[in-house]
Amino acid sequence: MFYVDTSVLITVFSPETQTTRVLEWLSRNRDASISISDWTITEFSSAMSLKIRNSMLIQDDRNQALKVFKEFRESIFECLEVPRGCFIEAARLSDRHDTSLRSGDALHMAVAHHYGLTLLTRDKGLAKAAAVIGAQHQW
């Protein structure tokens, strides 16, 4: 059972250097339970808008990515609620200076831990922080 952070989804729904690798992993693990959170929905939309502002994506491609992402949310991914305790845990994780965790990444890590899921991330900083903390993660 996996919790997918936004960095993986951005790779799936917009062209990046690791898109093929991530799609192959999803194909190999299509029977696995893959979860996201309410926070992921917000962060995904923000990341898609950032790609437009940075001229990495055009509006039509963003609209298509949002449409397909919504379809995946409704049919493939389990969307988990973020309990209040996860925000408290994310703050505690963010307090650790040895991890350099940003608030959004700390929240992803807290949600994955709360639900007992392995965190999938392409974010090198988040993966490094997960290793320091001892959280279950891949990639």
Side-chain angles (χ1 to χ4, degrees):
M1 296 175 51
F2 299 96
Y3 175 86
V4 178
D5 90 324
T6 310
S7 66
V8 174
L9 298 174
I10 295 303
T11 303
V12 170
F13 294 101
S14 66
E16 296 207 352
T17 58
Q18 295 293 314
T19 297
T20 300
R21 178 178 176 225
V22 172
L23 290 173
E24 287 171 353
W25 184 93
L26 287 170
S27 178
R28 284 192 313 272
N29 291 280
R30 70 176 144 259
D31 294 332
S33 173
I34 299 177
S35 300
I36 61 172
S37 68
D38 293 328
W39 167 241
T40 311
I41 297 167
T42 302
E43 197 174 43
F44 183 82
S45 287
S46 175
M48 289 284 112
S49 291
L50 180 63
K51 282 190 169 241
I52 288 176
R53 288 191 301 273
N54 291 332
S55 300
M56 299 170 69
L57 202 61
I58 62 170
Q59 186 67 42
D60 287 345
D61 291 341
R62 177 187 182 270
N63 293 344
Q64 182 63 24
L66 291 174
K67 179 182 176 225
V68 176
F69 176 59
K70 182 178 185 225
E71 292 169 2
F72 273 58
R73 285 189 347 244
E74 294 172 352
S75 63
I76 295 173
F77 302 142
E78 178 182 2
C79 189
L80 306 171
E81 290 185 18
V82 181
R84 182 172 190 267
C86 287
F87 289 96
I88 304 301
E89 177 63 11
R92 188 186 69 73
L93 291 169
S94 295
D95 284 339
R96 292 193 52 171
H97 302 290
D98 59 335
T99 65
S100 301
L101 271 174
R102 296 178 309 242
S103 57
D105 290 342
L107 187 55
H108 283 304
M109 191 178 296
V111 171
H113 177 74
H114 175 79
Y115 287 100
L117 303 173
T118 298
L119 174 67
L120 290 182
T121 186
R122 286 197 57 250
D123 183 312
K124 291 177 184 175
L126 179 52
K128 182 179 175 185
V132 168
I133 291 168
Q136 295 179 47
H137 70 285
Q138 281 189 14
W139 286 337

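No experiment lies behind these values; they were computed from the predicted model shown.
D123 contributes a side-chain N or O that, together with a main-chain N or O of L126, makes up a donor-acceptor pair within less than 3.5 Å. In terms of modelled atom types and a separation under 3.5 Å, the side chain of T40 and the main chain of I36 share no donor-acceptor contact.
I34 and V8 fall within the same hydrophobic cluster, defined by Ile, Leu, Val, Met, Phe, Trp and Tyr side-chain heavy atoms under 4.5 Å apart, directly or through other members. Criterion: ILVMFWY side-chain heavy atoms under 4.5 Å apart, direct or through other members. Under it, V4 and L66 are part of a common hydrophobic cluster. Side-chain heavy atoms closer than 4.5 Å link hydrophobic residues (I, L, V, M, F, W, Y) into clusters, and following such links, possibly through other members, connects L119 to F87. Using a 4.5 Å cut-off between side-chain heavy atoms of Ile, Leu, Val, Met, Phe, Trp and Tyr, with links allowed through other members, V12 and I10 fall into the same hydrophobic cluster. At a threshold of 4.5 Å between side-chain heavy atoms, the hydrophobic network of Ile, Leu, Val, Met, Phe, Trp and Tyr places M56 and I52 in two separate groups.
To the nearest 0.5 angstrom, D61 atom CG is 4.0 Å from I58 atom CD1. Summarising the geometry, atom OG1 belonging to T6 is positioned 3.5 Å from atom NE2 belonging to H108; distances are rounded to the nearest 0.5 Å. One distance of note links OH of Y115 with CG of L80; it measures 5.0 Å at 0.5 Å rounding.
Pairing each heavy atom of S94 with each of S103, the nearest pair is OG-CA, 4.0 Å. Nearest heavy-atom pair, K51 versus P15, reported as atom, atom and distance to 0.1 Å: NZ-O, 4.2 Å. What you find for E43 and G104 is that their closest heavy atoms are OE2-CA, 4.5 Å. Across all their heavy atoms, A90 and A106 have their closest contact at O-CB, 3.5 Å. When all heavy atoms are compared, the tightest approach of T17 to R122 is OG1-NH2, 4.3 Å. Counting all heavy atoms, side chain and backbone alike, A130 lies closest to H137 at CB-ND1, 3.5 Å.
Counted within 6.0 Å of CZ on R73, heavy atoms from surrounding residues, nucleotides or ligands total more than 12; the atom is thus considered enclosed.
A salt bridge is absent between D95 and R92; no separation between the charged side-chain nitrogens and carboxylate oxygens falls under 4.0 Å.
F77 is linked by a ring-ring contact (aromatic ring centres under 6.0 Å, His included) to F72, counting only residues two or more places apart in sequence or in another chain. With sequence neighbours excluded, the residues satisfying salt bridge (charged side-chain N to carboxylate O under 4.0 Å, His left out) with R96 are D98.
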### Query
For L107 and V82, what are the C-alpha separation, side-chain angles and deciding distance, and is it a side chain to side chain contact (heavy atoms under 4.5 Å, CB included)?
CA-CA 9 Å; L107 187 55; V82 181; 3.8 Å; yes
### Task
Decide side chain to side chain contact (heavy atoms under 4.5 Å, CB included) for D105 and L93; before the verdict, give the C-alpha distance in whole Å, the side-chain angles of both, and the deciding distance to 0.1 Å.
CA-CA 10 Å; D105 290 342; L93 291 169; over 6 Å; no
### side chain to side chain contact (heavy atoms under 4.5 Å, CB included) evaluation trace for K128 with K124
CA-CA 6 Å; K128 182 179 175 185; K124 291 177 184 175; over 6 Å; no
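When only modelled atom types and interatomic distance are considered, Y3 and S37 share a side-chain donor-acceptor pair under 3.5 Å. Remark: the Q64 side chain and the D60 side chain contain no N/O donor-acceptor pair separated by less than 3.5 Å. Q136 and H113 share no side-chain donor-acceptor pair at under 3.5 Å. In this structure, a donor-acceptor pair under 3.5 Å is present between the side chains of T121 and S7. In this model, no donor atom of one side chain and acceptor atom of the other lie less than 3.5 Å apart for S49 and S46.
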Check: residues 18-27 side-chain donor-acceptor pairs under 3.5 Å, at least two apart:
from, atom 1, to, atom 2, distance (Å)
T19, OG1, T11, O, 2.8
T19, OG1, S14, O, 3.4
T19, OG1, E16, N, 2.8
T19, OG1, E16, O, 3.1
S27, OG, R30, NH1, 3.2

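The shortest side-chain heavy-atom distance between P83 and H114 falls under the 4.5 Å cut-off. For the pair I133 and M109, the minimum side-chain heavy-atom distance is below 4.5 Å.
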